**Q** 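One structure, as structure tokens, below. Some questions next.
Order of the sequence lines sets the chain letters (A, B, ...), proteins ahead of strands, with each chain counted from 1. In this text, all values refer to a predicted model and were calculated from it rather than measured experimentally.
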2 protein chains.
Amino acid sequence: MEINELPKLHSDFSVDCVIFGFDKGELKILLIERAEEPFKNFMALPGNFVYDNEDIDGAAGRILRELTSLSDIYLEQLYTFGEVNRHPQGRIITVAYFALIKVKKHILNPQVAFARKAEWYSVADVPALAFDHSKIFEKAYKRLQSKIRYQPIGFELLPEKFTLSQLQQLYEVILEKPIDKRNFRKKILSFGLLVELDEKQKNVSHRAAKLYKFNKSRYNNLKKMGFSFEL
Amino acid sequence: MEINELPKLHSDFSVDCVIFGFDKGELKILLIERAEEPFKNFMALPGNFVYDNEDIDGAAGRILRELTSLSDIYLEQLYTFGEVNRHPQGRIITVAYFALIKVKKHILNPQVAFARKAEWYSVADVPALAFDHSKIFEKAYKRLQSKIRYQPIGFELLPEKFTLSQLQQLYEVILEKPIDKRNFRKKILSFGLLVELDEKQKNVSHRAAKLYKFNKSRYNNLKKMGFSFEL
DNA sequence: GCAAAAGTGTTAACTTTACACCCATGT
DNA sequence: ACATGGGTGTAAAGTTAACACTTTTGC
């Protein structure tokens with residue numbers, strides 16, 4: 001079927017999700033392969049139309065649940081893309097969302113309604129995407145890079161228990177620059193937001209590192225009192 | 001006419017603009033009085049449906065041009081509000097925009113299509129607004145307060161030529177805290193983004209202050225090279 | 001015993017903060 | 001001559017940046 005033979009849809013809105021994960025020292029995003037025209041066989045951001053009886057935030061949450069079978073995911077609205085000709089089937093604006101997930105905890109649903117398959121791509125290696133999704137991805141990536149410096153969102157990408165080196169590596173990968181180990185530890189511990197656990201790494205062929213977890217409720221309390229996280 | 005007798009519209013989208021101005025030492029926003037149901041006679045953010053043949057950014061620009069007859073206005077997308085029941089006439093999501101204007105330069109259009117009148121309100125004194133517009137205003141105000149600290153957008157609210165005291169007062173009003181005069185001047189001049197003019201204030205009953213203007217092209221150049229404005 | 005990453009302090013450079021008086025102008 | 005806001009410098013406190021070696025563990 002040719003693109004210009006596709007049926008026109010009425011004016012409507014969709015959501016698309018830029019889902020970041022961190023695995024094996026690399027920052028990744030989750031893409032789906034489109035099973036249908038338009039852009040059949042292209043990779044695209046997971047997305048869907050918003051149902052009449054759901055909030056747009058709810059639609060984004062639904063996409064994430066369908067893909068990952070989990071619902072405790074960091075999710076925030078990114079930006080709305082509404083150029084007249086962004087969608088070949090009509091005047092469709094899309095509200096883009098930005099999600100951070102703990103890769104290990106989430107098993108990808110092998111078959112979802114809107115896609116043939118879902119796959120993780122390194123952000124350095126994202127192919128040409130359907131629609132204006134490359135533009136959406138770029139904007140999300142920039143948002144992650146700036147937001148991680150003033151909000152403690154990096155923890156959303158790590159397992160519940162993590163080492164300081166893992167955390168540092170996450171920052172180095174996202175900010176694309178090396179960070180001094182001692183200065184990083186001093187700074188991040190000075191916030192008092194990390195809880196040192198009575199537990200160490202296992203099965204590593206070197207000195208095992210202490211594990212930490214992020215104290216989210218403490219962060220929320222401090223934030224109310226005007227505390228500002230600033231890396 | 002009762003609200004529940006209003007005709008239902010099909011699924012659609014609108015834009016609403018939070019337009020900030022600074023006048024007589026006060027931060028203001030521009031509101032319109034609604035001439036029609038729903039929320040007839042309530043004050044509301046200027047807004048309108050997006051036409052089928054215009055980008056959403058274009059629709060926001062159109063609202064501003066209709067209200068102010070000018071088009072060189074700072075405008076950025078704020079957030080999209082899409083709760084199912086936010087609009088009594090149907091499933092209408094709205095993309096909110098955030099604008100900063102130089103009050104003196106803009107003459108308000110006394111009569112625009114969508115309103116009976118337009119008026120400036122001090123942000124400390126905003127009445128209950130139609131729809132979810134109070135929520136939109138709150139979000140815009142917070143965005144202004146945080147953004148002004150890391151982007152030189154304050155200048156968009158001042159006349160072309162301004163004194164350092166006017167600039168300082170603008171920051172004090174927006175950030176809701178006093179700032180030390182000497183430290184402020186040292187900091188703001190250290191960026192090298194202000195041009196000292198060969199001109200002084202007129203008609204003031206005290207020593208006349210030097211006038212400055214903001215060097216926008218220099219800021220754009222520095223920004224490309226990684227410079228970051230941080231108050 | 002060696003490879004690999006964990007863990008740890010000090011100093012110099014820089015930035016931020018606190019603070020008070022004289023100057024120019026109009027009335 | 002007085003009222004009003006304009007304009008200016010310094011020192012102490014705090015923060016950031018640069019830098020190298022010892023420890024633990026598995027193989």
**Q** Identify whether any heavy atom of B:S165 sits under 4.0 Å from a base atom; if not, whether one sits that close to sugar-phosphate; answer base, sugar-phosphate or nothing.
**A** sugar-phosphate
**Q** Going by ring pair (Phe, Tyr, Trp, His ring centres under 6.0 Å), B:F229 matches just one of B:Y150, B:F191, B:F155, B:F214. Which one?
**A** B:F191
**Q** For the backbone of B:I174 and the side chain of B:Q145, can you confirm whether one donor and one acceptor N or O come within less than 3.5 Å of each other?
**A** yes
**Q** Give A:N203 one of three labels, base, sugar-phosphate or nothing, depending on what nucleic acid heavy atoms sit under 4.0 Å from its own.
**A** nothing
**Q** Select one nucleotide: of D:dT4, D:dG7, D:dT24, the one nearest the side-chain heavy atoms of B:H206.
**A** D:dT4
**Q** Starting at the 5' end of DNA chain D and moving along, which residue's nearest nucleotide shows up first, B:A209 or A:K200?
**A** B:A209
**Q** Whole angstrom is fine here: how far is it from CZ in B:R207 over to C1' in D:dG6?
**A** 5 Å
**Q** If I take atom CG in residue A:L189 and atom P in nucleotide C:dA6, what distance separates them, rounded to the nearest angstrom?
**A** 14 Å
**Q** Take the protein atom CG of B:L231 and the nucleotide atom C1' of C:dT16, then report the distance between them rounded to whole Å.
**A** 12 Å
**Q** Using a heavy-atom cut-off of under 4.0 Å over every strand shown, decide if B:K186 touches base, sugar-phosphate, or nothing.
**A** base
**Q** Just how far, in rounded Å, is P of D:dA18 from CG of A:D180?
**A** 8 Å
**Q** Given 3.5 Å as the limit, does a donor-acceptor pair link the side chain of A:K161 with the main chain of A:K200, or not?
**A** no
**Q** So, OP1 or OP2 of D:dG7: does either fall under 4.0 Å of a side-chain N or O from B:R185?
**A** yes
**Q** Whole-Å distance between D:dT16 P and A:I179 CD1?
**A** 14 Å
**Q** Side chain of A:N183: nearest nucleotide among C:dT25, D:dA18, C:dA5?
**A** D:dA18
**Q** Nearest whole Å is fine: how far is C:dC23 P from B:Q201 CD?
**A** 20 Å
**Q** Decide yes or no for B:V173 and B:E26: does some side-chain heavy atom of the first lie under 4.5 Å from some side-chain heavy atom of the second?
**A** no
**Q** So does A:R182 get a side-chain nitrogen or oxygen closer than 4.0 Å to the phosphate oxygens (OP1/OP2) of C:dG7?
**A** no
**Q** For B:Q168 and D:dG5, what is the distance between atoms CD and P respectively, to the nearest whole Å?
**A** 13 Å
**Q** Determine yes or no for a side-chain-to-main-chain donor-acceptor pair under 3.5 angstrom, with B:R185 supplying the side chain and B:L164 the backbone.
**A** no
**Q** Quick one: which of D:dT16, D:dG5, D:dG26 gets closest to the side chain of A:S205?
**A** D:dG26
**Q** Please work out if B:K181 contacts a base, only the sugar-phosphate, or nothing of the nucleic acid, heavy-atom cut-off 4.0 Å.
**A** base
**Q** Using atom CD of A:E230 as one end and atom C1' of C:dT15 as the other, report the distance to the nearest whole Å.
**A** 14 Å
